[in-house]
Enquirer: 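One structure, pasted below without further comment.
We name chains A, B, ... by the order of the sequence lines, and we start the count at 1 in each one.
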Amino acid sequence: MLNSGTIRWNHVLGRAFIYLMLGAFALYYLIPLFVMVVTSLKPLDEIRSGNLLSLPMQPTFEAWGIAWNSACTGVQCNGLQGYFYNSMIMVIPAMLISTLLGAMNGYVLTKWKFPGSNVVFSMLLVGCFIPFQVILLPMAKVLGMVGLAGSLPGLVMVHVIYGLAFTTLFFRNYYITIPDELINAARIDGASFWTTFFKIILPLSTPIIVVSTIWQFTQIWNDFLFGVIYSSGEQQPITVALNNLVNTSTGVKRYNVDMAGAIIAALPTLFVYVVAGKYFVRGLTAGSVKG
Amino acid sequence: MNGLKITNVSKTFGKTNVLKDINVEIADGKFLILVGPSGCGKSTLLNIIAGLETATTGRIEIAGEDVISRDPKDRNIAMVFQSYALYPTMTVRGNIAFGLNIRKVPKAEQQQIVDRVAKMLRIEDLLDRKPAQLSGGQRQRVAMGRALARDPAIFLFDEPLSNLDAKLRVDMRTEIKELHQRMKTTVVYVTHDQVEAMTLGDYIAVMKDGIIQQFGTPSEIYNHPNNMFVAGFMGSPSMNFIPCQLTEVGGEVGVYLQGHTTRFFVRLSQTGKDYSRWLGKNLMFGIRPEHITDYAEQVGAQEAIPCKVDILEPTGPDTLLFITLNKVKVVCRVTPETALQHSIDKMPLYFNTAKAVLFDPASGLAI
Amino acid sequence: MVTKWLERIMPRLVLAPTFVIALVFIHGFILLNAWLSFSSSNLMPKYDWAGFIQYERLFANERTAVAATNLFIFATLFILICLFLGLLMAILLDQRIRGEGVIRTIYLYPMALSFIVTGTAWKWILNPGLGFEKLMHDIGFETFQFDWLVNSEMAIYTVVIAGVWQSSGFVMALFLAGLRGIDESIIKAAQIDGASLPTIYRKIIIPGMRPVFFSAFIILAHIAIKSFDLVMALTGGGPGYSSDLPATFMYTFAFTRGQIGIGAASAMMMLMTVMAVIVPYLYSELRSQRHA
Ligand SMILES: Nc1ncnc2c1ncn2[C@@H]1O[C@H](COP(=O)(O)OP(=O)(O)O)[C@@H](O)[C@H]1O
Ligand SMILES: [Mg+2]
């Protein structure tokens, strides 16, 4: 009796400990977000008098307004607004084009292999592993040559090219699990290359399309490297603008505006993550665990 | 008219020779079985007939027309796959009508065909479901329906029943046979199951390692196997192979068999073959379980020999007995009653040598 | 006839743009960059041959050693801490936890953020005047000091802190998927043999996750070597150049200081580093695939 009682007591203690640890980790991840939100809602003097965790006495969205409309990002002082739209204009076509190309590549690489198709895939896959620093200088030259330097279309092109390796990998790994017999059945039914793709393969691809678009959306929206190098002035994406806003050294440091700006820059990807993150993680982890 | 003619077909993947000089010809309306162990090249051959793979060399004629350079869709074929390969995003109706749609058959006619096929296969109630909502047997029917919707010159089946449970498999087997008798369309049917091969086929091609070991009617294949592989592969439990020496005793050719306690002579005169060339040679004596039995009246059976039984396995309709002859395990098949009546130390067994086959162990070929 | 021919070559046609992209924009560009690193380019790219001049300049520069050392410190700590935290959280979460979905979401959301956002947030939190230091003062630790962000000895460690915060949740997800992928019957068999839970983890489960460790290591190493945005947003490479990483070094030389040759040479060194990590991995991966 005593013995089983002790075991149960140990069990309860053990469970309590596990939940305590999990809670502590949750706080670790949540506190920075909390700090960002609280800071963005405080007036500057409250920031100076309080501390990171103190709640705002007089919550105000003033900093948000400034960040959106009038904060200085270098020479201009029009807030992040324009850059937010820039990012949208850049991310949507880049994401769609690279996903569609990736789907077509994956289809050919699994269902219509030809001598040499695997060589193309291996060559492309290198793009998943290289540090992009090795292509920055030649790319700058090419963008200049085709007249896309410093522009959003140029950035779209860069993101499509260097996202293609990833989207192709996603779709290839997904399509490899679709039995070849399905394609054979369609061929016997008389379906052509494209009919099979659009009528049979694409309707089956929803999960991987979700993964690919979310991945590309987050990668491209969050990109800073290509943005800071290949865009300029009014054509910059929001990450670059945010960094400029935070590091603009004129006048007093407005931490509340910085935080509001950071949240604005993070909102789209956070939104996507909360809405569809489940599929995202499932897809991302599937390939790497098998290895 | 020609149903199907395969001439000198071979296929290599890289360096491996998967099919080696295949030649088969069957008349229109016949049911051809390709049977053999897994990996012997059956599916590859079927895919070459379908045009899904290209043969390295050789020719294919379907209904008298050379089709080797045609795409699958222009070969006038329909195919049922092992995994069924139903289009997961389409309903049953969509699956059956897909090929008709692509061939631009008018909608009204499509409707008619789908209804006719659905009735024939008794899947009228399933037409609006998706494949994921069907049981294995229902999926199998839909896969058949998709093939039946067209009126092809030839039906190709790639192990269509191997994913079904045992009972359903037997039912569907009968149904396929009925369908074939009704439609009288040429069929090529791939299976690794020798029972399916025996029950369904007008002709059987037994394959191994990309070579057709024997081509013939089921009874030819079963009763007159060309070699030890065919003899062992067809029939369950398989044929016994007993090493022996061919001898002549009192003008009769036969072999001595040594059990645990008895040694006896089995005459081979009833096989009606001339074995004089092989006298004194070491051979393989091939005899099927049902030909070592309690059934005295069998043609060619000699006097009963009392044998010591090692193991006794009742299967229901009959009982399998394991005895030892010339140091190898030998299976015999008797009625359950006989098995119960006699002592297992002295089971009386008749050897029906009229159905026995002798093989040359060096080449494996029948003598 | 034409449509038939078109249908035949369609797969090649579809893959052709990708082939060109891979050939030109990946392999061609790497070669071009290699050329630049052997040229005399300074302010403008020049395609001539100058031998190893740029590499000599690169290694003679005192910033190079700083960036390399920083990468070593950052990568080591970042990878080890992420692996440790990720595994710990995954094991804790694997104990049939109520609300697992919510907790997982919380652990993972930083991955959705831009490193620029993460850097901006932590720059504020670690701010010596009003940030973490002030918080500790307010709680009662009057003499608490925390100036890593502006301390050239310690600045690189703030990058580790922010990096771990952003990436450890992802590692947790990898490990959790790995834990879930382990055959339940093996664990049951071990339980029947009387093994305790910690023993089962130590002797059976964790050794069974070698491939996950490997994948996680490769991904983290890759993130570490490419790290650029986080440093730019958090420390800007400073104070001075004390928290430079190879990626910020390359950017500075190639795009702001007009030393294209040195920038190209440093990019080549980064490529070598990545290859040194990844090639053995890919090699073993391909071998095991061939054997399977
Ligand atoms: N695309 C291919 N590439 C290389 N080898 C193949 C390919 N398809 C089949 N094979 C090989 O050809 C042989 C025959 O395969 P298959 O026709 O599928 O056998 P079966 O259907 O009789 O089981 C097998 O050894 C198989 O490994
Ligand atoms: Mg097969």
Enquirer: Nearest 0.5 Å please: distance from the OG1 atom of Thr195(A) over to the CZ atom of Phe98(B).
Expert: 6.5 Å
Enquirer: Do you know the tightest heavy-atom contact between Arg187(A) and Gly51(B)?
Expert: NH2-O, 3.5 Å
Enquirer: At a 4.5 Å cut-off on heavy atoms, which part of Arg75(B) comes close to chain A: side chain, backbone, both, or neither?
Expert: neither
Enquirer: Please flag which part of Leu100(B) lies under 4.5 Å from any non-hydrogen atom of chain A: side chain, backbone, both or neither.
Expert: neither
Enquirer: Between Thr89(B) and Lys199(A), is any pair of side-chain heavy atoms under 4.5 Å apart?
Expert: no
Enquirer: Sort out for me which of Ile178(A), Asp180(A), Asp189(A) touches chain B most, counting heavy-atom pairs under 4.5 Å.
Expert: Asp189(A)
Enquirer: Give a yes or no on this: more than 12 heavy atoms of other residues, nucleotides or ligands lie within 6.0 Å of atom CZ of Phe271(A).
Expert: no
Enquirer: Measure the CG-OH distance between Leu182(A) and Tyr84(B) for me, rounded to the nearest 0.5 Å.
Expert: 14.5 Å
Enquirer: Is it the case that more than 12 heavy atoms not belonging to Tyr203(B) sit under 6.0 Å from its OH atom?
Expert: no
Enquirer: Check Arg103(B) against Ile188(A) and note the closest heavy-atom contact, atom names and distance.
Expert: NH2-O, 3.6 Å
Enquirer: Do you know which of Ala147(B), Gly99(B), Ala143(B), Pro152(B) has the most heavy-atom pairs under 4.5 Å to chain A?
Expert: Gly99(B)
Enquirer: Supply the atom-to-atom distance Ile183(A) CD1 to Leu52(B) CG, rounded to the nearest 0.5 angstrom.
Expert: 11.0 Å
Enquirer: Please classify the contact of Ala78(B) with chain A as side chain, backbone, both or neither, using a heavy-atom distance under 4.5 Å.
Expert: backbone
Enquirer: Under 6.0 Å from the CG atom of Asp165(B), do we count more than 12 heavy atoms belonging to anything else shown?
Expert: yes
Enquirer: With a 4.5 Å cut-off on heavy-atom pairs, point out which of Ser192(A), Ala185(A), Ala191(A) contacts chain B the most.
Expert: Ala185(A)
Enquirer: Distance-only, no hydrogens or angles: does the Glu181(A) side chain make a donor-acceptor pair with backbone N or O of Ser83(B) under 3.5 Å?
Expert: yes
Enquirer: Can you tell me how far CG of Asn184(A) sits from CG of Leu156(B), rounded to the nearest 0.5 angstrom?
Expert: 11.5 Å
